[in-house]
Every structure is written in C-alpha cells, then in structure tokens.
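Notes to accompany the following structure.
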Amino acid sequence: MNNSTFYILGCLASVGIFALLSSGCERDIADLEPATYATNPEVFIDGFSGGLNYAAFSGSVPTAFNVDNEVTFDNSSAAMRFEVPDYGDPRGAYAGGTYFTGVGRDLSGYNALTFWAKASKDATLDVVGFGNDLGANRYQVSANGLTINTNWKQYILPIPDPSKLTIERGMFFYSEGPENEKGYTFWIDEVKFEKLGTITPPSSNILNGQDEVVTSETGATITLTGLTTTTNLPNGINQSVDATPYYYTFASSNTAVATVNEAGVVTVVGAGDAIITAQMGGIAVSGSLTINSIGLPIQPTIAAPTPTVDASKVISMFSNAYTNVQVDTWNTHWLYSTAEESFIQIADDDVIRYRNLNFVGIEFSSQTIDATNMTHFHLDIWTPDPTTAPKSFKVLLVDFGPNNTYGGGDDASHEVTITAPVLATESWVSLNIPLTNFTGLTSRAHLAQLVLSGDLPNIYLDNVYFYNSATPPAVPTTAAPTPTDNPANVIAVFSDAFTNIPATNLNPNWGQSTVVTQVAIAGNNTLKYTGLNYQGIQLGSNQNVSTKQFLHLDYWTANSSALKVYIISPGPVETPYTLTVPSSGWTSIDIPLSSFTPVALNNLMQLKFDGNGDIYLDNIYFK
C-alpha cells in the first residue's frame, strides 16, 4: 500500500462505478470522508497483534524467531525469542526479519516505540527499529548498538515526526549477527507504540548536525547523510536513531545552483553558491550543506604521459600503451562508497574519471594477477582538488591468497598513503610505488583488488600497471665446479656427478610461488629457482646422514638479497643456515651439519630454501 489518501465512496462497496453515477447514491465530492486506519499501538503483547506478519531477511536463519512461553517479561504469557547463529552456520549468517501489517496503521498519535529486552549474555544488538514494510521503507527508523544483558531492560526509540505515520505497515524489525563468532539468545517483549510525556521533544540533524562545505560542479549529485534524531529519555540517556530523508523537508537557497528532492539527493545544476537546509515538522534541524559550484567540471587538457617501460616487463590493468589484463569492475559500489566512475577521453587518450570519491573498489578476482616478479605499481592521476597537506591519496592492494577467494585466512593487504609534495593540483602526477612499500602484502601472487581512497573527491586515472624495473639478472655462463669427493662417501640429492637419492621430488607442492626448472649451464644440469619465496625438496626416502660431516652445495645468484637453506627431520624439526648473497660467480660451500642442531641427522626427510631473487643450485649432497 502506498501513502496516497484514500476515500470511501457512498455505495461503491455494493454497486459498480457506472451504477453509482446513475443511482440515487450520488454525493457531492465535498461530502467524501478521508479513509481512517486503525490506531492499534500493539506489536507483540503476549502474542502478535491482529494483522501482523513476519518475514525473515534474505541470508538470515529463517527459523531464528520463535514465541517463548517460559522466558517472558513480568510473567507475561509470551515473549519473542531470537536465536542468533554461530559464525559459519549453513542455515544463515545472522538473525533478522521484519514484522509488518497488510493494512497500514495510523501511528501519528504516538511519539515512541517501546519494548523490553534481555539476553543470555552481555551483547550489543546490531540494529532494531520500525518502518521496514518490505517496500519503500519511507519512514524507517533504526537504532544501532543497543547494549543488552541478562536483565530485562526497557528501550525507547523516538519517532522523529509522528505526523508522517498515518498509514504505516512496518511495526518492528531487527538484525543481529554472532558476537566473537558465537551465537546466543535474546528475548524481546511488550513491543508497542506509546505517547510518552516523559521524553523530551526530539532534536534532529542532517549531516550529523555539521555545517559542511563542498566544492562541486554541474551534474554532480550528493546524497545527504547523517540523518539522526535524538531524544532525552527518563533515565537521562540521549537516545539517537537514524531516520530516512522522508521525515524531513529540504530546501535550497538557490535552485539555479542546486536542487534537492524529498529523498535528500542534491543535484548541482549550475555555477555559484547554494545552501541546503532542512526542517522536520516545521522546525529547523541542525546541519547544512553549502555547495560551492564551479559549474562545468575542471579536467585535464592534455593526456597523461605515455609509458616507456618495455611491454615485456609490464602487467597492465588500464593503459592505451599496453594490452590490458581482465578487470572485472572499476567500481564495486561497495556499501558506503559514494564514488561515481565514467570512461572519458582526454586528447584522444582513454581515462577513467572518479567523482564524489571517498573510496572505490576495483576488482579483478576472476583472473587474479601474479605480480611476484614485478617491482613497482604505477598509476597516473590528475585532480582539480587542493592537495596541500594533510590531503592524501591512498592505494590499497589486496591478495586473496592461494585459494583465490576472499576470506579463508590466507588474504593479505597493505595500503600506501601519498601526500604533498608528491601530489599536485591540476597536473598529471606519475606514481611509481615500489611494491616493497606494501609491507603487509606478504604475497602478491594472487592480487585481486585495488582500492583507491583519500581526500581527493575528483580523480582522473590513467596507465595503471605493474612493472619490473630491475635489470634482467645475468645468468651463469659456466657450470658449477665439478665435485672431487669420492662417490662412495656421498649421499647426493642433486648432482650430475653422483647417483642421486631415487624418487626425490625437486618441486613438491607446498603452496610456494617459486618457479622451479632445470636448465643446462655449459652442458651441466642445474636447478633454477625463479622468483624464490620458499622451495622444498622431498627426499625419495628418509636418510641417515649422522655419519657425514657437511652439507655441500654450489649456488649462484645476481639478484638475491636473502637466502637460507634448511634440512628437516620429522616433527617437523628444521634449522636454517644463512648463505651470503648475492654471489660473485659460483659459490661452493661445505656447511657443518652441526649447524643444523637439533635436526635429527639420522632421519632426514626434506630440504628447504627461502629468500628472494633468482637462484641457481647444483651439487647438493652430504659428505
């Protein structure tokens, strides 16, 4: 049912329209009476009030709500019981639903919704309120973060403007999820609308009562937020609720500059200044929005600099200079993001424009990016906004981990903040951010999201790509030295000079990102680790090397800054030995096995290397 005014027409219930017009039931239109609606204030008093229905919210546990005849307030015959699920419950992620009527009620004679509540433990309710009718929810009111405990306590939610609730269907709604990943039970009783003389008249806000000033442009839209009403309760607590914009009457001081509709959406239509204010029930509310419109948008007149990095060293997301990988969306429209994106051309160059940017999610999870071998992240930005400190621009990279899925405990991310003097106004700025600056990004083999945020609401974006700035590492041109040890005294893992342990796996799947190959160096078979993070070797059978004195290996690297070798016995028990890198040619080393204490030398099962860079290995054996 909508909020139109309905009228009862004399004999309309028993005759058709045509008959009405030609019968003796005609009445002058002035005699028609407005329809009236029930003023029943009760929602749940020992049971549902007449005509009340319940619907569980999507994604919630459908059976979370029940009527309880044992745990009730003040020995009433029934209360509402809600079972919040544990985290990961296959039935649903939370408990939530709404109680609504098929026919609206006139609640304009009341000023608050009251109820009593308790819980099986101390908890905080995510949201409760009224006005959710599974439709437009025009007059929805909600309170967040109500604290409950094991004692019954009364709660009072003020109605911002009761005169609006002449045909209201949404009587009560709630939503609550697990706390610390554990579910619990809470009860609500004696839910009703009341006319209370013990609460103060409500005070209301837009923009949380702040007088905000924004610089904007023709065509921009701004949604007014921070719509709250606060009432002082009998216990002295100031109870605030969030209200929908339809409780307010908005106005613009200059409609040639900006207009505002009943949904609180401001549209900038021209250059100049305008102040957006609001009233509720004919009383001015706190907060205002001053629009300083520059008119048509300020934008670059020249294209961003053309990239010069060789395409073979680039993974490009957005650039006319390269072939781009697949990006699922340049705006995920996540909750609370106000960013609007458009794809435009500047001097025949494709550019992404963001306006009203608070933050924007950019997702490429369907085909994640492996930037393990990249050194930098590049993007060009242009903004008309002031960039003096403390204004900032932030770049967040997110890696979904080996499961390529958000969540699951293996995700990693890090955000980098850029400020003046790097930032500049009305000038293209090329950002070349070393990936090592993303220190929390423990892996970049499964990059799936990029998030841009900060204090610059207008951004032009181009040339978004990862690249490798390093000089391609040299490769050994000579083979590792040929071992001279007696084969009878050797237990070999990898070497052309000896018989190696049978069935040894040189590349077990331990979730590593290292690329393992065997290459011929001057005719000698050599083990190569490209982009090392860590790499294991699974011996074909457990080995007793307790009669040996050394682990021998030859290694070569031009670009590694960290390299360790481990031997591992069951447990696992492992101890690292740090190698000196980078090497100057082939390095031959005999590592005393005593360096690996407390590894059980009589029961070795694995070797492991970790570090970075590209590593060449040969002649791995015990002697």
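Here the structure is a predicted model, which is why all the values come from computation and not from measurement. Because only heavy atoms are used, hydrogens play no part in the values below, and waters and symmetry mates are left out as well, while side chains stay in.
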Any donor and acceptor pair, going by atom type alone, linking the side chain of Asp399 with main-chain N or O of Ala412 inside 3.5 Å?
no
I need the minimum non-hydrogen distance between Val269 and Thr218, along with the two atoms involved.
O-CG2, 3.9 Å
Set of residues satisfying side chain to side chain contact (heavy atoms under 4.5 Å, CB included) with respect to Asp106, sequence neighbours excluded
Tyr37, Thr39, Ser108, Thr166
Calculate, to the nearest 0.5 Å, the distance between atoms CG and OG belonging to Leu357 and Ser453 respectively.
7.5 Å
Does Glu42 offer a backbone N or O that forms a donor-acceptor pair with the side chain of Arg105 under 3.5 Å?
yes
Quick one: does Ile156's side chain get under 4.5 Å of Pro234's, heavy atoms only?
yes
Can a donor-acceptor pair be found, under 3.5 Å and without considering hydrogens, that links the side chain of Tyr406 to the backbone of Phe400?
no
Check this for me: Phe343, atom CZ, are more than 12 non-hydrogen atoms of other residues, nucleotides or ligands nearer than 6.0 Å?
yes
Drop me the distance from Phe364's CZ to Leu450's CG, to the nearest 0.5 angstrom.
6.0 Å
Is a side-chain donor or acceptor of Ser60 paired with a backbone partner of Gly96 at a separation under 3.5 angstrom?
yes
Is the side chain of Tyr248 donor-acceptor paired with the backbone N or O of Asn205 at a distance under 3.5 Å, no angle test?
yes
Pairs meeting criterion side-chain hydrogen bond (donor to acceptor under 3.5 Å, both in side chains) with involvement of residues 114-131, two or more places apart:
Thr114-Glu194
May I ask you to test the Ser337-Thr332 pair for a side-chain heavy-atom distance under 4.5 Å?
no
Please name the residue in the list Phe173, Phe44, Tyr99 that meets the ring pair (Phe, Tyr, Trp, His ring centres under 6.0 Å) test with Tyr54.
Tyr99
Asn261 versus Phe250, closest heavy-atom pair with distance:
O-CD1, 3.5 Å
Output the distance between atom NZ (Lys394) and atom OG1 (Thr417), rounded to the nearest 0.5 Å.
4.5 Å
Any Ile148 side-chain heavy atom under 4.5 Å of Lys153 side chain:
no
Of all the heavy-atom pairs spanning Glu168 and Gly170, show the shortest one and how long it is.
OE2-N, 2.8 Å
Relative to the ring of Phe82, is the ring of Tyr174 parallel (under 30°), tilted (30 to 60°) or perpendicular (over 60°)?
tilted
Say whether Ser288 and Asp211, considering side chains only, have a donor N or O and an acceptor N or O under 3.5 Å apart.
yes
Verify the distance criterion only: is there a donor paired with an acceptor across the side chains of Thr338 and Asn356 at less than 3.5 Å?
no
Within the distance-only criterion (no hydrogens, no angle test), does the side chain of Asn232 pair as donor or acceptor with the backbone N or O of Gly236 below 3.5 angstrom?
yes
Report, as yes or no, whether the 6.0 Å neighbourhood of atom CD on Glu70 holds more than 12 heavy atoms from other residues, nucleotides or ligands.
no
Of all heavy-atom pairs between Met317 and Trp330, which one has the smallest distance, and what is that distance?
O-CZ2, 3.6 Å
Would you call the rings of Phe48 and Phe65 parallel, tilted or perpendicular, where under 30° means parallel and over 60° means perpendicular?
tilted
Do any N or O atoms from the side chain of Ser76 and from the backbone of Ala78 form a donor-acceptor pair under 3.5 angstrom?
yes
Just so I know, are the side chains of Leu289 and Val260 near enough to count as touching, which here means a heavy-atom distance under 4.5 Å?
no
Could you please spell out the steps behind the side-chain contact (heavy atoms from CB on, under 4.5 Å) verdict for Leu52 and Met171?
CA-CA 8 Å; Leu52 199 67; Met171 298 294 108; 3.6 Å; yes
Side chain to side chain donor-acceptor pair (under 3.5 Å) between Ser392 and Asp455, worked out
CA-CA 6 Å; Ser392 66; Asp455 307 310; 3.2 Å; yes
Tell me if the CG atom of Asn180 is crowded by more than 12 foreign heavy atoms within 6.0 Å.
no
Cut-off 3.5 Å, side chains only: do Ser163 and Asp161 have a donor facing an acceptor?
yes
Would you be so kind as to tabulate the donor-acceptor pairs closer than 3.5 Å made by side chains of residues 271-285, with sequence neighbours excluded?
none

Provide the closest heavy-atom pair for Pro297 versus Glu217 in the form atom of the first, atom of the second, distance.
CB-OE1, 3.0 Å
Mind checking the CG-CZ spacing from Asn137 to Arg169? Nearest 0.5 Å is all I need.
9.5 Å
Side-chain heavy atoms of Ile291 within contact of Ile222, under 4.5 Å:
yes
Ignoring hydrogens and geometry, is there a side-chain-to-backbone donor-acceptor pair from Asn458 to Thr383 under 3.5 Å?
no
Would Asp328 and Ser366 count as a side chain to side chain donor-acceptor pair (under 3.5 Å) if you check the C-alpha gap in whole Å, the side-chain angles of each, and the deciding distance to 0.1 Å?
CA-CA 7 Å; Asp328 301 327; Ser366 65; 2.5 Å; yes
Can you check whether Tyr246 reaches Lys164 side chain to side chain, under 4.5 Å on heavy atoms?
no
Would you say Ile362 and Val327 make side-chain contact, with heavy atoms under 4.5 Å?
yes
Counting N and O atoms only, with roles assigned by atom type, does the side chain of Asn69 sit under 3.5 Å from a partner on the main chain of Ser77, one being a donor and the other an acceptor?
yes
Candidate pair Asp385 and Thr215, rule side-chain contact (heavy atoms from CB on, under 4.5 Å), full reasoning:
CA-CA 9 Å; Asp385 301 320; Thr215 300; 5.8 Å; no
With sequence neighbours excluded, tell me which residues meet ring-ring contact (aromatic ring centres under 6.0 Å, His included) with Phe130.
Phe193
Minimum heavy-atom separation for Gly270 to Ser293, with atom names?
O-OG, 2.6 Å
Within this structure, what is the CG-CG distance for the pair Asn403 and Asp410, rounded to the nearest 0.5 Å?
4.0 Å
Are Arg138 and Glu262 close enough for a salt bridge, meaning some N to O gap below 4.0 Å?
yes
Among Ile45, Val43, Leu113, Asn40, exactly one meets side-chain contact (heavy atoms from CB on, under 4.5 Å) together with Lys192. Which residue is that?
Ile45
Taking only residues two or more places apart in sequence or in another chain, which ones pass side chain to side chain donor-acceptor pair (under 3.5 Å) with Ser175?
none
Pairs in or reaching into residues 145-164: which pass ring pair (Phe, Tyr, Trp, His ring centres under 6.0 Å), with residues at least two apart or in two chains?
Phe73-Trp152, Phe115-Tyr155
How about Val191 and Met80: do any of their side-chain heavy atoms sit closer than 4.5 Å?
yes
Spacing of Thr229 atom OG1 and Gln239 atom CD [to the nearest 0.5 Å]
11.0 Å
Will you find, in the side chains of Asn238 and Thr230, an N or O donor that is under 3.5 Å from an N or O acceptor?
no
Check: Phe438 main-chain N/O paired with His414 side-chain donor or acceptor under 3.5 Å
no
